[in-house]
**Student:** 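Quick one: this structure, given as structure tokens, is what I'll be asking you about.
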Amino acid sequence: MTVQIAPSMLAADFARLADEAAAVADVADWLHIDVMDGHFVPNLTIGLPVVSALLKHAALPLDCHLMIADPDRWAPEYAAAGARNVTIHAEAAAAPVRTLRMIRSAGARAGLAVNPGTPIEPYADLLGEVDMLLVMTVEPGFGGQGFLDLVLPKVRRARQLVARHGGEVWLQVDGGVTHETIGRCAEAGADVFVAGTAVFGAEDPAAAVEHLKAAAESAQAAARHHAGGEVS
Ligand code: DX5
Ligand code: ZN
């Protein structure tokens, strides 16, 4: 599927969220919102009130990544508030099928995330319930960490599972995605790229998004050429 770039607001200035969102509105595809509760991950960020406020100001769809201990309780509320995508962690969900269905029935796309040490194969039978798989390329909790190349084989396996499944499922990577690492992710089969530091840490965030997108598109095209057809 076509390359999507989702700048992570975690690396933006939290006191100027609407302005920071506006800076990438013309070039990015979604805005990635990292919701952390201080339990599932050792960091506390923003929650539903801030997401609801941002929804009134942001031109781009919101891609909410819930790193929280009780996604079954909270995920449907983010969908009902108007988030375009709501992603829950496989490690935290007690009833992922029910929660993914509730996200969809509240009008959002449903995402399922796995940490670096969590295999993707146990979730193969859930592919019909999701619109996006998120393969974490760092341990969740903080921005600015180094990309974990050890996750790339799982990205490839996830791409194969999605191809075999046949439906339209986005494959997202998140963590340490930079101009240097994005090509490897695209080549492995990712099509949605979250980037925090590489976008908001840059002098010109919009130019950084365009730069990342061009790098992902050229790696995707090279992989297709190499495979003699569609990468998926
Ligand atoms: C990490 C978050 C990421 C984070 C990525 O737990 O899920 O979305 O913002 O930040 P960078 O791109 O700086 O690694
Ligand atoms: Zn994230």
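Both counts, for ligands and for their atoms, begin at 1 and track the order of listing.
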**Student:** Atom 2 (C) of ligand 1: which protein heavy atom is closest, and how many Å away?
**Tutor:** D34 OD1, 3.4 Å

**Student:** Nearest to atom 5 (C) of ligand 1, what protein heavy atom do you find, and at what distance?
**Tutor:** D174 OD1, 3.5 Å

**Student:** Give a yes/no on ligand 1: does M9 have at least one heavy atom closer than 4.0 angstrom to it?
**Tutor:** no

**Student:** So is G176 close enough to ligand 1, meaning a heavy atom under 4.0 angstrom away?
**Tutor:** yes

**Student:** Which atom, counting only N, O or S, brings D34 closest to the Zn ion (ligand 2)?
**Tutor:** OD1

**Student:** In this structure, which one of R159, Q172, Q4, Q220 forms a side-chain hydrogen bond (donor to acceptor under 3.5 Å, both in side chains) with D191?
**Tutor:** R159

**Student:** Classify the ring geometry between H65 and H32 as parallel (under 30°), tilted (30 to 60°) or perpendicular (over 60°).
**Tutor:** tilted

**Student:** Going by heavy-atom distance to atom 13 (O) of ligand 1, choose the closest among V194, V138, T197, T178.
**Tutor:** T197

**Student:** Relative to the Zn ion (ligand 2), which of the N, O or S atoms in H32 is the closest?
**Tutor:** NE2

**Student:** Which atom, counting only N, O or S, brings H65 closest to the Zn ion (ligand 2)?
**Tutor:** ND1

**Student:** Do you know which two heavy atoms are closest between T137 and G175, and how far apart they sit?
**Tutor:** OG1-O, 2.7 Å

**Student:** Hey, does P71 have a side-chain heavy atom less than 4.5 Å from the side chain of F40?
**Tutor:** no

**Student:** Looking only at heavy atoms of G175, does any of them come nearer than 4.0 Å to an atom of ligand 1?
**Tutor:** yes

**Student:** Closer than 4.0 Å to some heavy atom of G143 - which atoms of ligand 1 meet that?
**Tutor:** 10 (O), 13 (O)

**Student:** What are the atoms of ligand 1, with element, lying closer than 4.0 Å to any heavy atom of H65?
**Tutor:** 7 (O)

**Student:** Could you pull out the closest heavy-atom pair between G141 and M36, with the gap in Å?
**Tutor:** O-SD, 3.1 Å

**Student:** With heavy atoms under 4.0 Å as the rule, classify the contact between P140 and ligand 1 as side chain, backbone, both or neither.
**Tutor:** both

**Student:** Does CG belonging to D19 count more than 12 external heavy atoms closer than 6.0 Å?
**Tutor:** yes

**Student:** Counting distance only, does the side-chain N/O of N43 pair as donor-acceptor with the main-chain N or O of F142 below 3.5 Å?
**Tutor:** no

**Student:** For the Zn ion (ligand 2), give me the closest N/O/S atom belonging to D174, just the atom name.
**Tutor:** OD2

